[in-house]
Amino acid sequence: MMDFAIPDKPHDESRQGEALMLEPKGQNDRKLYIESYGCAMNFSDSEIVASILADKGFETTGDYNNADVIFINTCSIRENAEQRVRNRLKEFTIAKVKNPGLVVGVLGCMAERLKSKFLEEEKLVDVVVGPDAYRDLPNLIDKVDDGQKAVNVLLSREETYADINPVRLNSNGINAFVSIMRGCDNMCSFCVVPFTRGRERSREPQSIVKECADLFSQGYREVTLLGQNVDSYKWGGAGRDAEGDQKSEVGSQKSEDGGQNSEVVNFANLLEMVALIHPDLRVRFSTSHPKDITDEVLYTMKKYDNICNYIHLPVQSGNSRILDLMNRTYDREWYKNRIDAIRRIIPECGISTDVITGFCSETDEEHQETLSMMDYVKYDYAYMFMYSERPGTLAAKRYADDIPEPVKSSRLKQVVAKQQAHSYERLQAQLGKVQRVLIEGFSKKSDKDYCGRNDQNAMVVFPVDESYKPGQYVNVLVERTTTATLIGSVVVD
Ligand code: SAM
Ligand code: SF4
């Protein structure tokens, strides 16, 4: 199965399977090896896991052969994501033979989906832990040390890990992910996330602002606020009084019920609260849902220069019948209306998307409507996938996965070709313009060049100049482009 990403959103595809490391803290002489797959949320969760175990004195290692505990934080979104994890698990077999005391744990979405069945299917595995049960990890490891297998896949309606200060693993010290909510209450018919990550819940806003402010004071200059549907972020209102006591005056509004202690913080309010930390702290967010993104959010983006002009707005399909089958709860006209609103309020906004080809019963004419939607929007980037049926989802129960693989694949190729042309066109439109770039480090190809992103999230490469260093902002004149990168040189005002 093929997946394509052109070129990247805040999450870096090259990090799939990366081992995560942190400074040793303590007394425990056991070593943890943890690697992550899937979305940015999973990478962020691994930082929470590492933090919980660091408090128990665990050190991290980048070599699983030296580890006492191996954790693999998994993704279930498509079948190939799960297959990748199963293949990886096989590679740990020899390590386990050499060290019978080695604890092998599976975390995240695949653990939640398969539960104790995982222990039957993969004999190597000792611990299975779902995304809401990471606080229990030290107990679960103790249980395995006592010779038992351990499973905790309880989902929670409250857990947001708000009080856990995530360690930043393999960080460049400049960009960080900050989780603002967990779970998802949408029931897109193709998607396994509501089953693996549970009900949607928002994190208390002051803990988010504090985490972002702490990151800024440590030298970080960009935060990406993460959630499956950030536009439905909501804190406060009736029933949230205790935590609500600490809420900031900035950006909050009275809830409609007018009750006491019932100020509501919505996503636009939260964005404003984070943007106000410091003008030099860039704010990004992902993912927006077309049904929920409001003009209020767009006007907040317009109001603050440090909220980046970039929106990831997954369309999935350009055809209203398919969108209805997908249970996306918007149609083609609604999506176009949201795009028009973005272009009207923030004309220079970068827009990216996710597309699924070959969903159940999709005709060629309906697929053409996805292509014509791409022509309408001219996305800067896209993540493009063939439909992969996931057990237990609404689509798996209701609809036949009846589009043959070669048709799915040929439609995907058309989508990819169109996106490549649009990405190039969007980059070309930046030629001759001066862009504000946050320097992230040396470019992948040469330490004579720096790289960093512009406001719209495009990667910009330019020659190193000793007067600047990573973490600083520079103005770069764009002189040429490759298919995925802007190339230029620094201009001084
Ligand atoms: N919450 C985000 C949203 O609604 O846009 C997306 C979350 S999901 C982790 C990322 C993307 O994976 C989706 O937007 C969709 O394009 C893709 N995806 C999810 N389930 C899929 C499936 N069964 N087959 C193919 N792609 C899928
Ligand atoms: Fe999945 Fe839809 Fe929720 Fe996104 S909004 S995580 S696609 S159910």
Side-chain angles (χ1 to χ4, degrees), residues 39 41 76-78 109 157 180-202 225-234 237 256 264 266-268 270 285-298 311-343 345 351-363 365-367 369-374 376-377 379 382-385 387-390 392-401 403 415:
C39 63
M41 194 70 100
S76 274
I77 202 82
R78 285 168 292 277
C109 290
R157 280 174 178 257
I180 64 163
M181 56 206 294
R182 298 181 71 82
C184 184
D185 278 354
N186 299 315
M187 281 301 239
C188 300
S189 63
F190 52 79
C191 186
V192 80
V193 168
F195 305 98
T196 59
R197 291 194 153 262
R199 297 302 300 267
E200 181 184 293
R201 66 223 95 122
S202 296
L225 308 180
L226 289 180
Q228 292 299 347
N229 177 3
V230 289
D231 300 292
S232 66
Y233 176 88
K234 182 171 176 252
E256 284 167 10
V264 170
N266 66 18
F267 183 57
L270 180 73
F285 53 88
S286 187
T287 298
S288 301
H289 196 298
K291 84 175 158 64
D292 292 318
I293 188 167
T294 59
D295 288 359
E296 190 191 359
V297 165
L298 302 178
I311 297 177
H312 184 65
L313 195 69
V315 65
Q316 315 298 359
S317 164
N319 172 263
S320 295
R321 187 187 75 90
I322 293 296
L323 286 170
D324 187 37
L325 290 186
M326 286 176 164
N327 201 25
R328 288 289 287 181
T329 68
Y330 56 85
D331 61 11
R332 182 179 171 89
E333 287 316 307
W334 176 278
Y335 188 89
K336 284 168 79 176
N337 168 291
R338 294 292 73 211
I339 293 293
D340 294 346
I342 296 170
R343 298 273 187 240
I345 298 167
I351 305 178
S352 60
T353 200
D354 293 345
V355 175
I356 297 177
T357 65
F359 187 68
C360 313
S361 78
E362 182 189 65
T363 65
E365 291 69 36
E366 289 165 340
H367 162 66
E369 285 207 72
T370 297
L371 295 174
S372 72
M373 179 67 93
M374 294 175 75
Y376 185 81
V377 183
Y379 295 107
Y383 276 62
M384 298 157 279
F385 315 103
Y387 173 58
S388 164
E389 186 179 82
R390 307 309 295 130
T393 56
L394 292 180
K397 286 181 192 153
R398 288 184 191 163
Y399 314 123
D401 178 14
I403 306 301
V415 167

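Nothing fancy with the numbering, it's 1 onward along the sequence. We use all heavy atoms of the structure for the numbers below, so side chains are in, but hydrogens, waters and symmetry mates are not.
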Checklist entry - Can you check side chain to side chain contact (heavy atoms under 4.5 Å, CB included) on L394 and M187, steps first, answer last? => result CA-CA 8 Å; L394 292 180; M187 281 301 239; 4.1 Å; yes
Item to check | side chain to side chain contact (heavy atoms under 4.5 Å, CB included) between K291 and N186, intermediate numbers included | outcome: CA-CA 10 Å; K291 84 175 158 64; N186 299 315; 3.0 Å; yes
Item to check | side chain to side chain contact (heavy atoms under 4.5 Å, CB included) between E200 and M181, intermediate numbers included | outcome: CA-CA 7 Å; E200 181 184 293; M181 56 206 294; 3.7 Å; yes
Checklist outcome for this item: Closest heavy-atom pair, P314 versus S288, reported as atoms and distance to 0.1 Å, is CD-O, 3.2 Å
Item to check | Heavy-atom check, side chain of V415 versus side chain of L371, under 4.5 Å | outcome: yes
Checklist entry - Regarding D340 and Y376, is there a side-chain donor-to-acceptor distance under 3.5 Å anywhere? => result yes
Checklist entry - Between the side chains of E362 and S317, does any donor sit under 3.5 Å from an acceptor? => result no
Checklist entry - Could R338 and Y330 be counted as a cation-pi pair, given that NZ or CZ must be under 6.0 Å from the ring centre and within 45° of the axis? => result no
Checklist entry - Do the non-hydrogen side-chain atoms of P290 and V315 ever get within less than 4.5 Å of each other? => result no
Checklist entry - Taking the side chain as C-beta and beyond, is there a heavy-atom pair between R78 and F190 under 4.5 Å? => result no
Checklist outcome for this item: For N319 and I322 the tightest heavy-atom approach is OD1-N, 2.9 Å
Next on the checklist: Please tell me whether S189 and R390 have a donor and an acceptor in their side chains that are separated by less than 3.5 angstrom.
Outcome noted: no
Checklist entry - Taking atom SG of C188 and atom CG of N229, what is their separation to the nearest 0.5 Å? => result 9.0 Å
Checklist outcome for this item: salt bridge (Lys or Arg N to Asp or Glu O under 4.0 Å) filter on R182, not counting sequence neighbours, yields D45, D132
Checklist outcome for this item: Taken to the nearest 0.5 Å, the spacing of S202 OG from K234 NZ works out to 8.5 Å
Checklist entry - Who pairs with F267 by ring-ring contact (aromatic ring centres under 6.0 Å, His included), at least two apart in sequence or on another chain? => result F285
Next on the checklist: As a quick check of understanding, evaluate side chain to side chain donor-acceptor pair (under 3.5 Å) for R197 and S76, giving each step before the final call.
Outcome noted: CA-CA 11 Å; R197 291 194 153 262; S76 274; over 6 Å; no
Item to check | Shortest non-hydrogen contact between I351 and I339, atoms and distance | outcome: CD1-CD1, 4.0 Å
Item to check | Any donor-acceptor N/O pair, T287 side chain to Q228 backbone, under 3.5 Å | outcome: no
Item to check | Flag side-chain contact, heavy atom, 4.5 Å: T294 against D231 | outcome: no
Item to check | side chain to side chain contact (heavy atoms under 4.5 Å, CB included) between V355 and Y379, worked out | outcome: CA-CA 11 Å; V355 175; Y379 295 107; 5.6 Å; no
Checklist entry - Can you list the steps and then say if H312 with S352 is a side chain to side chain donor-acceptor pair (under 3.5 Å)? => result CA-CA 5 Å; H312 184 65; S352 60; 2.6 Å; yes
Item to check | From N327 atom CG to D324 atom CG, the distance as rounded to the nearest 0.5 Å | outcome: 7.5 Å
Next on the checklist: Between D331 and K336, does the salt bridge (Lys or Arg N to Asp or Glu O under 4.0 Å) criterion hold? Intermediate values first, please.
Outcome noted: CA-CA 9 Å; D331 61 11; K336 284 168 79 176; over 6 Å; no
Checklist entry - Who passes ring-ring contact (aromatic ring centres under 6.0 Å, His included) against F359, sequence neighbours left out? => result Y387
Checklist entry - Do D354 and Q316 have a side chain donor and acceptor closer than 3.5 Å? => result no
Checklist entry - Any idea which heavy atoms bring T393 and C191 closest together, and the distance? => result CG2-O, 3.4 Å
Checklist entry - Is it true that R201 and D185 make a salt bridge, defined as a side-chain N closer than 4.0 Å to a carboxylate O? => result no
Next on the checklist: Do T353 and M374 make a side-chain contact, defined as non-hydrogen atoms from C-beta onward lying under 4.5 Å apart?
Outcome noted: no
Item to check | Nearest heavy atoms of M373 and G318, plus distance in Å | outcome: CB-CA, 4.1 Å
Checklist entry - Just wondering, do V377 and Y335 contact through their side chains at under 4.5 Å, heavy atoms? => result yes
Next on the checklist: Looking at every non-hydrogen atom in both residues, tell me the closest pair between V193 and C184 and how far apart they are.
Outcome noted: CG1-CB, 4.1 Å
Item to check | Heavy-atom side-chain contact between S361 and R321 under 4.5 Å | outcome: yes
Checklist entry - Do I342 and L313 come close enough that some side-chain heavy atom pair is under 4.5 Å? => result yes
Checklist entry - Does E366 reach the main-chain N or O of T363 with its side chain, forming a donor-acceptor pair under 3.5 Å? => result yes
